[in-house]
Amino acid sequence: MNKFSKTMLAVGLAFLYIPMLILVIYSFNESRLVTVWAGWSTKWYGELWQDKQLMAAVWRSLTVAFYSATASVFLAIFASVVMVRAGKFRGRTLFSGLITAPLVMPDVLLGLAMLLLFVSSTQAFGVPTERGLFTVWLAHTTLGLAYATVVISSRLKEMDPRIEEAAFDLGASALTVFTRITMPIIAPAIGAGWLLAFTLSLDDVVLASFVSGPGATTLPIEVFSSVRMGVSPMVNALATMILLVVSLFTMAAWYVLHKQSKRAS
Amino acid sequence: MKRWSRRAIVSVPYFWLGLFLLVPLLLVIKVAFAEAARAIPPFSSLTEFEDGILAIRISINSFAVLFEDTMYLQAFFNSVVIAAGATLLCLLIGYPMAYAIARAPAHQQSILLMLVLLPSWTSFLIRVYAWMTILGQNGPLNNFLISIGLISEPLEILNTNLAVYIGIVYSYLPFMVLPLYANLVKHDLRLIEAAQDLGARGLTTFTRITLPLSKNGIIAGSMLVFIPAVGEYVIPELLGGSDTLVIGKVVWQEFFNNRDWPVASALALLLVLALLAPIVWFQRNQDAVR
């Protein structure tokens, strides 16, 4: 079993990484035909930089991801406190059902549901006046809230409650305990939750396609619609840039969390 | 916590989830019982108030359509078969991987786990896209197979169900490995030593000790792959062919191409109903682990 499983681990890791490696290599292909190799070149990166439409979409996506991750984490701190500390209250079952729903429900259903909300609300109350980045932000915040709550609440659950009790005994108010004791302890989880919500938003095609409107295409929508037509060298270059940036971010986050958990134990 | 402050803390996320999740899901149910109409939005109203009479019109046409046209049931069937097959493949590949990580020296474990999980943090869309290049007619895979003389003509893999299987296994493999690792790493290795002392061979020890002990990990990993795979849209759209009929794609087409919102809503509802059993199973299993 040991030898076999070690081989499978090596094969599995190769399976996970080789496709990405191939993508990176082909992004430096001189040829316009993606699969025909015609020598090394960085010209597609230059063209990428020149593509105003794509660069605008990159900026829009980063903006939406930033604001929705921030809102998600803000709400997720409340939601985690509710899940871990509030004990029993009326509607708890519904609450925990709603907070896990986005984790298990298909994207197409969530997208459809949120679009129906925006359409009905426009019809009944006149808001939102148009679908665009704001509606994408609302949808992504809701999605990110669910994922960030998983990360933050598990950290909150592990935390030693006696530290908080000690602070209370020493006369600290609930707000002081939360900001001076609880927040610093769950801070790494808040960071990880933010990053998770950020990458989710940056990657989402389905929800965004349902709830966005014309003129508010995010980067994944732009990539998806061009990819549907087939592979293109410029998308390869863009994909390489995204892989590079995201994995650097993730590795940095992993390193910080790893160090902290080492220090804790 | 004081009563009023507790109420305030509960109400903030509750309000958000109610408005942006509960109400939308109820609206899906409502629209599923409406009729398609040439209007904006393209469905009829369930209630009408005319001459002092409140009329409630509930249509079950959308559901009738789903059962009359075999295409919809076929799509359901295909989605479940593909998701189940891909889950099994993930399990066969992921189990030995998780096992190897769990039995690796302690200082290597976290780095190996990070290597498995890192891809799932990078862009899902781009990882699926990578396979479009690889599996293409003149792509690296075909070129490689031809150059080693295994095949003489390029295989047609892209735009077939096989490509969809590959895409799902590739995208969801990390979700299989993580819960399996979490389970396997907790096993008491003395049980295995005891079995070996009593004369059990490697295979017997595995099938009689390790495998039964990892049941919860297998269930958790399988559900984490199966549940999202059933409703998957992006992978079948990019890697599958035009004849790859799965439920996620059909909902999308009904909504965007046919603009039949009631049928799309009814389909999405049936999808959730179909997923309810595995979701509940998964939740029970998670609670049992805790």
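Every chain is numbered from 1, with letters handed out A, B, ... down the list of sequences.
Smallest separation of non-hydrogen atoms from B:Y14 and A:F89: CE1-CE1, 3.8 Å. The nearest pair of heavy atoms linking A:P106 to B:G231 is CB-CA, 4.1 Å. Contact detail for A:M20 and B:T122: the closest heavy-atom pair is SD-OG1, 4.2 Å. Closest approach of A:M8 to B:L92, counting heavy atoms only: CE-O, 4.1 Å. Listed here is the closest heavy atom pair of B:L19 and A:L117: O-CD2, 3.6 Å. Shown here for B:F256 and A:S209, the closest heavy-atom pair between the two residues is CZ-O, 3.8 Å.
By the 30° and 60° cut-offs, the orientation of the rings of B:W16 relative to A:W137 is perpendicular.
Chain A forms more heavy-atom pairs under 4.5 Å with one residue of B:L115, B:I227, B:V234 than with any other, namely B:L115. With chain B as the partner, the residue from A:L202, A:L238, A:V205, A:L94 showing the most heavy-atom pairs under 4.5 Å is A:L94. Across A:L116, A:T7, A:L110, A:L23, the residue that shares the most heavy-atom pairs under 4.5 angstrom with chain B is A:L116. Chosen from B:M132, B:M114, B:R103, B:K30, the residue pairing most often with chain A at heavy-atom distances under 4.5 Å is B:M114. The candidate with the highest count of non-hydrogen atom pairs below 4.5 Å against chain B, out of A:L98, A:V108, A:T100, is A:L98. Across A:T149, A:V246, A:V227, A:T240, the residue that shares the most heavy-atom pairs under 4.5 angstrom with chain B is A:V227.
Put simply, the side chain of B:L25 reaches to within 4.5 Å of the side chain of A:L109, judged on heavy atoms. A 4.5 Å side-chain heavy-atom check between B:Y129 and A:V223 finds every atom pair outside the cut-off. Side-chain contact check for A:T141 versus B:F20: every heavy-atom pair is 4.5 Å or farther apart. At least one side-chain heavy atom of A:Y26 sits under 4.5 Å from a side-chain heavy atom of B:P140. Side chains of B:P96 and A:L9 form no contact here, defined as non-hydrogen atoms less than 4.5 Å apart. In this structure, the side chains of B:F124 and A:L200 stay at 4.5 Å or more apart for every pair of heavy atoms. Contact annotation: the side chain of B:R127 never approaches that of A:P19 to less than 4.5 Å [non-hydrogen atoms, C-beta and beyond]. Between A:L115 and B:F255 the shortest side-chain heavy-atom distance falls below 4.5 Å.
Of the possible donor and acceptor atoms, none in the side chain of B:Y233 sits under 3.5 Å from a partner among the backbone N and O of A:V206.
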| message | Before you tell me yes or no, could you show the steps for B:W261 and A:V119 under side chain to side chain contact (heavy atoms under 4.5 Å, CB included), namely the whole-Å CA-CA distance, both residues' side-chain angles and the distance that decides it to 0.1 Å? | response | CA-CA 12 Å; B:W261 292 17; A:V119 168; 4.0 Å; yes
Point to revise | Criterion ring-ring contact (aromatic ring centres under 6.0 Å, His included) on B:W252 and A:F210, from CA distance to verdict | key: CA-CA 9 Å; B:W252 183 282; A:F210 273 98; 5.5 Å; yes
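In this structure, the portions of B:V116 lying under 4.5 Å from any heavy atom of chain A include both its backbone and its side chain. Proximity to chain A (any heavy atom under 4.5 Å) is shown, for B:L125, by both the backbone and the side chain. Proximity to chain A is limited to the side chain of B:E237, based on heavy atoms less than 4.5 angstrom apart. If you measure heavy-atom distances from B:L27 to chain A, the contacts under 4.5 Å come from both the backbone and the side chain. Heavy atoms closer than 4.5 Å to chain A are found in both the backbone and the side chain of B:S265. Of the atoms belonging to A:T199, it is side-chain heavy atoms, and not backbone ones, that fall under 4.5 Å from chain B. Heavy atoms of B:P228 lying under 4.5 Å from chain A are absent altogether. For B:L275, the part lying near chain A is the side chain, with the backbone staying farther off; criterion is any non-hydrogen pair under 4.5 Å. For A:I22, the part sitting under 4.5 Å from any heavy atom of chain B is the side chain, from C-beta outward, and nothing else. In this structure, chain B has heavy atoms under 4.5 Å from both the backbone and the side chain of A:M114. Using a 4.5 Å cut-off between heavy atoms, B:I134 contacts chain A through its side chain alone, with no backbone atom that close. A:F168 does not touch chain B: none of its heavy atoms, backbone or side chain, sits under 4.5 Å away. Interface remark: B:V251 contributes side-chain atoms only to the contact with chain A (heavy atom separation under 4.5 Å). Heavy atoms of A:A79 lying under 4.5 Å from chain B belong to its backbone as well as its side chain. Heavy-atom distances place no part of A:V11 under 4.5 Å from chain B, backbone and side chain included. For A:V104, the parts sitting under 4.5 Å from any heavy atom of chain B are the backbone and the side chain alike.
A distance of 9.5 Å separates CG in A:L16 from CG in B:L117, rounded to the nearest 0.5 Å. One distance of note links CD1 of B:I9 with OG of A:S80; it measures 12.0 Å at 0.5 Å rounding. To the nearest 0.5 angstrom, B:M97 atom CE is 15.0 Å from A:K6 atom NZ. Between atom CZ of residue A:F15 and atom CG of residue B:L173 there is a gap of 6.5 Å, rounded to the nearest 0.5 Å. Interatomic distance, OG of B:S123 versus CG of A:D203, reported as 3.5 Å (0.5 Å rounding).
Other residues, nucleotides and ligands contribute at most 12 non-hydrogen atoms within 6.0 Å of the CD1 atom of B:I111. The number of heavy-atom neighbours closer than 6.0 Å to CZ of B:R201, taken from other residues, nucleotides and ligands shown, is 12 or below.
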